[in-house]
Structure formats: C-alpha cells, structure tokens
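Protein chains get the first letters and strands the later ones, always in sequence-line order, with residue 1 at the start of each. Owing to the predicted nature of the structure, the values given are computational and were not obtained by experimental measurement.
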Protein chains: 2
Amino acid sequence: MPLPQTEQPGRLQAELMSRGVRMTRQRRTILSVVETAQQHLDASQLLRKARRIDPEIDRVTVYRTLKLLKRHGLVDELDLMHLQGEKHFYERRPQRDHLHMACLRCGKILEFESNLFDRLKGQIQRECQFHILVTRMEIGGYCSQCRATGPA
Amino acid sequence: MPLPQTEQPGRLQAELMSRGVRMTRQRRTILSVVETAQQHLDASQLLRKARRIDPEIDRVTVYRTLKLLKRHGLVDELDLMHLQGEKHFYERRPQRDHLHMACLRCGKILEFESNLFDRLKGQIQRECQFHILVTRMEIGGYCSQCRATGPA
DNA sequence: GCATAATTGATACTCGGTTGCAACTAGCAT
DNA sequence: ATGCTAGTTGCAACCGAGTATCAATTATGC
Ligand SMILES: [Mn+2]
Ligand SMILES: [Mn+2]
Ligand SMILES: [Zn+2]
Ligand SMILES: [Zn+2]
C-alpha cells in the first residue's frame, strides 16, 4: 500500500504534538490510517484498518480520537446524504475547502472546489459577522452518468 | 398558538395529495406541525407537538412521515453541527435555499440566503453536470455576539 | 357499501456512539 | 534511570435515533 505523494505522513501527529496532545501508540496508528485514507471513511472502516496495524485497538479509542481530531479542526465530518445509514464519514481537513456531491442513484461521491464557494464563506464572515470554524456542504442528486440514463 | 402569516396551512397536505399520496388523520396532524413550526425540529420534538393534537400518534409514524416528506423533497434534513447529539432536524423546504450557521458557543442557529450560494449551485449543475435535488450547507463557528466576548 | 392495497401502532431490534471505571502509560520532574 | 501523576485505554454496560415485522386498521376507487 503506497503512501500518497500529496501528504507527508506524520503531519497530523506533528500537529497534535505541537499542541501538547499526548501521543500514544493507538493514536499514532489511527492518525496514520486517517492520513493515508484514499476515500471518506466511517468509524468502523477506520477501526478495521487500524486493527490491521494494531489488532488490540478498541472502537472506543477510534471514536475518542475522532472527537479529538474534530475538536482540533483536523478532520471534517460528513453525512454524505445518509446514503448508507446514519453513520458519519471523516476526512483530513484539506488546505482548501471543498464540497461534496452524492449521487442518489449510484452512490458515487464527487468533490468540488470553487471560487464561488470561497467567496460565499467570505461573504458570510463579513455580512453576518460570523467567525467560521467548520464548513460542510453536501449536495444530493444525480451524477452526469446516472442522469443520462434517467433518474429511475 | 397563532398560525404564521408567511405560509398557507395545508400546503404540504395539498402537495402530497396532488401526488397521489394517501392522506391519513396522523399525516395531516404531523404535516400541520411541520408547517407551523417556528424553528428546526427533531423527530422527538415533532412527536411531542403532534401528540398535543392527537395523543395516539406513534413515533414510528413520525419517522415514516419524515421519510415520505424527504422522498418528495418537501422537507430538508439538517445536522446543525451535532450541537445536541446525533439527532437530525427538519424544516419545510423553502422557496429559496438557505444555509445554516450554528454557533458552537451559544447554540444559536442562523439562516442566510445569498446570491453567491445560488450561483454556486448553478456552477455545479453546469460544470459538474450534476443534477441537484437536495442542498445542505452548514457552518460551525462563533456568532457575532459570542465572538465579541471571546471564543472561550 | 366493499374490496384491497396502503398505513398504522406495538414490539422488538439494529447500530452508531457514549459513559464509568479500573488498569495502564506518556511525559515530565527528580 | 526511576518514580509520579494526569491523561489515556479497553472493557462492558449503556443510550438513543432510527428500522423491521406483522397483525389490526383505514383511505380510496369502484
Ligand atoms: Mn448526521
Ligand atoms: Mn472530501
Ligand atoms: Zn450516479
Ligand atoms: Zn453564539
């Protein structure tokens, strides 16, 4: 399983340590899974991947670590339109925010960055005097392929 | 409890009936609650309000009616940043979409309409060839008041 | 009115996530 | 290095939002 070139492994760990958070074996494992994930993972997928590295990890620790990462603004939480039940999905927060499109027919998840999105956030900060910490935009509908074949 | 002037009561009911959905006593009750709600309600708040009108209504029926309304695109579902647990909140879908800001300190929910928001959706439909059915934008942060007092 | 397909309500269940607590350990002081 | 202590872990029990099942009820078209 090759690491993605786009992200330094250990970045999350370094970030947390610089903020005085204790680094345990379990946390290191979970952070590495979050960091090298290629898609949006839910807590149980995360646990499974973490257990491949350290079979002793408990699911509670996964939940606790996710909460920690959320609190520090290092991961974002998504519903992905509840395409698969009530679970939540997680992804490392990227440099630039993006929005998510979920195809209600084929289940595909698409991501999109946009200047309009960035400008919208700017407008909110200015006009509403609201200090933005987290952004979450999700769209449900039909992707280009599924819409061609008809929204049956 | 006076009805709000902004919305015709019975609108949801009429909409569903025009689509051939059977209208039961329970559904009428729940629809009226959704329609006259002044804030975003979760399923259990909805049940409580519905039971004030018809004490026999079961929570299962509330969930089923919400699913029906979602399927027909007549209500939107929100997380409101999970400020109060894992529950979901519901609101009648408005003419024009708006986004939600949740203050992580005082819990206030603010709504905002924006041309940039509308244009962003247009951009997505065009550039991604994605047929939008549902939009959900939620922002977490500090409202003007809380940010003035410091984000403690 | 009657037939029938859809809906309801009671109950049991699933499952994502949390809590309480004793055992363990990271990180710091000596 | 050793010991101390506050923070963390794993387990087990728990919680609560939402769903499945199914017999009893009811909306709607004829
Ligand atoms: Mn959710
Ligand atoms: Mn993403
Ligand atoms: Zn699709
Ligand atoms: Zn506030």
> Looking at F117(A), does the NZ or CZ of K121(A) lie under 6.0 angstrom from its six-membered ring centre and within 45 degrees of the ring axis?
Replying inline: yes

> Within the pair H88(B) and dA17(D), is there a side-chain N or O less than 4.0 Å away from OP1 or OP2?
Replying inline: no

> Which residue lies toward the 5' end of DNA chain C, Y90(A) or E56(B), if each is placed at its nearest nucleotide?
Replying inline: E56(B)

> For the pair made of CZ in R48(B) and P in dA17(D), what is the distance, rounded to whole Å?
Replying inline: 11 Å

> Does V60(A) or K70(B) map to a spot on DNA chain D nearer the 5' end, using the closest nucleotide for each?
Replying inline: V60(A)

>> Is the shortest side-chain heavy-atom distance between L16(B) and M23(B) below 4.5 Å?
In response: yes

> In terms of side-chain geometry, is the basic nitrogen of R136(B) or D79(A) positioned less than 4.0 Å from the acidic oxygen of its partner?
Replying inline: yes

>> Tell me the interatomic distance from D79(B), atom CG, to dA17(D), atom P, rounded to whole angstroms.
In response: 13 Å

> Could you give the NE2-to-C1' distance, from H82(B) to dG16(D), as a whole number of Å?
Replying inline: 14 Å

> Applying the side chain to side chain contact (heavy atoms under 4.5 Å, CB included) test to V75(B), which of T65(B), L69(B), L31(B) qualifies?
Replying inline: L69(B)

>> Of the options dT28(D), dT9(D), dT19(D), whose atoms approach the side-chain atoms of M23(B) most closely?
In response: dT28(D)

> When the distance from CZ of R28(A) to C1' of dT8(D) is rounded to whole Å, what number comes out?
Replying inline: 13 Å

> Starting at OH of Y63(B) and ending at P of dG16(D), how long is that distance when rounded to a whole Å?
Replying inline: 12 Å

> Which nucleotide span of DNA chain C, 5' end to 3' end, has atoms closer than 4.0 Å to non-hydrogen atoms of chain A?
Replying inline: dG16(C) to dG27(C)

> Does K70(B) reach the side chain of D76(B), with side-chain heavy atoms less than 4.5 Å apart?
Replying inline: no

>> Quick check: on DNA chain C, is the nucleotide nearest E86(B) upstream (toward 5') of the one nearest T65(B), or the reverse? Name the residue that is more 5'.
In response: T65(B)

> Between K87(B) and R25(B), which is nearer to the 5' end of DNA chain D once each is assigned its nearest nucleotide?
Replying inline: K87(B)

> To the nearest angstrom, how far is D42(B) atom CG from dG16(D) atom C1'?
Replying inline: 11 Å

> What does R27(B) touch in the nucleic acid at a heavy-atom separation under 4.0 angstrom: a base, only the sugar-phosphate, or nothing?
Replying inline: sugar-phosphate

> Among dT19(D), dT9(D), dA27(D), which nucleotide sits nearest the side chain of R22(B)?
Replying inline: dA27(D)

> If you round to the nearest 0.5 Å, how far is CZ of R51(B) from CZ of R48(B)?
Replying inline: 10.5 Å

> Which nucleotide in the set dA27(D), dC22(D), dT9(D) lies at the smallest distance from any side-chain heavy atom of T61(A)?
Replying inline: dT9(D)

> Please give, in whole Å, the distance from dG7(D) P to M17(A) CE?
Replying inline: 17 Å

> Rounded to the nearest Å, what distance is computed from the CD atom of residue Q45(B) to the P atom of nucleotide dG18(D)?
Replying inline: 12 Å

> Is the closest basic N to carboxylate O distance between R93(A) and E91(A) below 4.0 Å?
Replying inline: no

